[in-house]
Amino acid sequence: APDQLIVSEGQTANTMFIIASGWVKLESGSPNQSVTLANLGAGSLIGEVDMLQRRPYSMTARAAGSSDTQLLSLSRTDMEDLINERPSIGLKFSANMGMRIAFLENYLVQQRLRHIDLLSALSESDLRAIAQKLDFRHSERGQVIIDAGQPGEAAFFIEEGRVRLMTKSNEGESFEDLAEGAMFGHTSLLTNKPYAATARAITEASLWVLPRAAYQGLIREHPTVKLALSRSLAESI
């Protein structure tokens, strides 16, 4: 009904909504000193970012206008079940939002990390700990992901697309094309040395990123992860 509260700022984001008809006003601040942020009409989403990030609602939403507003709702539990059943939905949300969404942990453990040779011997708890630390990044075709000589501040896992590693030496320049499931940048992250190669997306690419700060916290709690990654150094030698 008009002026009826839909969600409140600070409330646990357990539901996202699509406006089917009518209007919704978004507000911020206390009820006595609220500021109107936007008025949304049919087809607009409400609360989706907060729910997908597993955080409280960042604003208040209430029905606006003189007639009733109709909403379609999707609960967080149903969204989690949906993404577990069809991970591609969660990946598309992540790509469109440019950030990691919640609910992809099981997918990362079972269908990505477990199939990476260096990580395949790790326990379920180790893999889950890695999954919890990963960020999501989307790169356009031709975009440089890392530059040779830059500090090794992250390791990367390719979710989708192709990435070319370009290494310069006295003999010239060499190339290596990496595809879905490949890992790169981890040697520099592990040794705290600059990247030896430049990585460029040769198609649109979706990447999982393990930043240095997250890596350092990870190996303090799960030292077996460092041992597993160190295998790559031994194998290259």
Starting at [atom1] of [X], measure out to [atom2] of [Y] and round the result to the nearest 0.5 Å.
X: Leu218; Y: Leu229; atom1: CG; atom2: CG; result: 8.5 Å
X: Tyr215; Y: Lys226; atom1: OH; atom2: NZ; result: 5.0 Å
X: Leu5; Y: Gln11; atom1: CG; atom2: CD; result: 7.5 Å
X: Leu119; Y: His186; atom1: CG; atom2: NE2; result: 9.0 Å
X: Phe184; Y: Leu207; atom1: CZ; atom2: CG; result: 5.5 Å
X: Leu91; Y: Glu160; atom1: CG; atom2: CD; result: 7.5 Å

When you measure from the side chain of [X] to the backbone of [Y], do you find a donor-acceptor pair of N or O atoms at a distance under 3.5 Å?
X: Ser120; Y: His115; result: no
X: Glu173; Y: Met166; result: no
X: Gln143; Y: Glu140; result: yes
X: Ser206; Y: Glu159; result: no

Heavy-atom closest contact ([X] atom, [Y] atom, distance):
X: Leu122; Y: Ala228; answer: CD2-CB, 3.9 Å
X: Leu104; Y: Ser94; answer: CD1-OG, 3.6 Å
X: Leu165; Y: Ala199; answer: CD2-CB, 3.5 Å
X: Leu113; Y: Ala131; answer: CD1-N, 3.8 Å
X: Pro211; Y: Ala154; answer: CA-CB, 4.0 Å
X: Phe156; Y: Ile146; answer: CE1-CG2, 3.5 Å

Can you confirm whether [X] is buried at [atom1], in the sense that more than 12 heavy atoms of other residues, nucleotides or ligands lie under 6.0 Å from that atom?
X: Gln70; atom1: CD; value: no
X: Glu27; atom1: CD; value: yes
X: Arg55; atom1: CZ; value: yes

*Decide yes or no on salt bridge (Lys or Arg N to Asp or Glu O under 4.0 Å) for Arg54 and Glu80, but give the supporting numbers first.*
CA-CA 11 Å; Arg54 276 201 184 115; Glu80 187 165 11; 3.3 Å; yes
_Using the side-chain contact (heavy atoms from CB on, under 4.5 Å) definition, which of the options Ile19, Leu26, Val24 pairs with Ser44?_
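With Ser44 as partner, side-chain contact (heavy atoms from CB on, under 4.5 Å) holds for just one option, Ile19.
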*So does Glu180 pair up with Arg112, basic N to acidic O under 4.0 Å?*
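Between Arg112 and Glu180 there is a salt bridge, with a charged N closer than 4.0 Å to a carboxylate O.
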*Run the salt bridge (Lys or Arg N to Asp or Glu O under 4.0 Å) check on Glu124 and Arg114 step by step: do they pass?*
CA-CA 9 Å; Glu124 177 87 10; Arg114 193 175 295 286; 2.6 Å; yes
_Close aromatic pair by centroid cut-off 6.0 Å: Trp208 and Phe136_ = yes
_I'd like to check Thr15 versus Leu74 (side-chain heavy atoms, cut-off strictly below 4.5 Å). Are they in contact?_
no
*Dump the intermediate steps for salt bridge (Lys or Arg N to Asp or Glu O under 4.0 Å) on Glu176 and Arg164, then the final yes or no.*
CA-CA 6 Å; Glu176 181 183 3; Arg164 176 167 292 170; over 6 Å; no
*From CA spacing to verdict: salt bridge (Lys or Arg N to Asp or Glu O under 4.0 Å), Glu153, Arg212*: CA-CA 5 Å; Glu153 290 300 320; Arg212 175 168 297 281; 3.6 Å; yes
*When hydrophobic residues are tied together by side-chain contacts of less than 4.5 Å, even through go-betweens, does Val109 share a cluster with Phe103?*
yes
_Any donor-acceptor N or O pair under 3.5 Å, side chains Asp126, Ser123_ =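 Judged by distance alone, the side chains do pair up.
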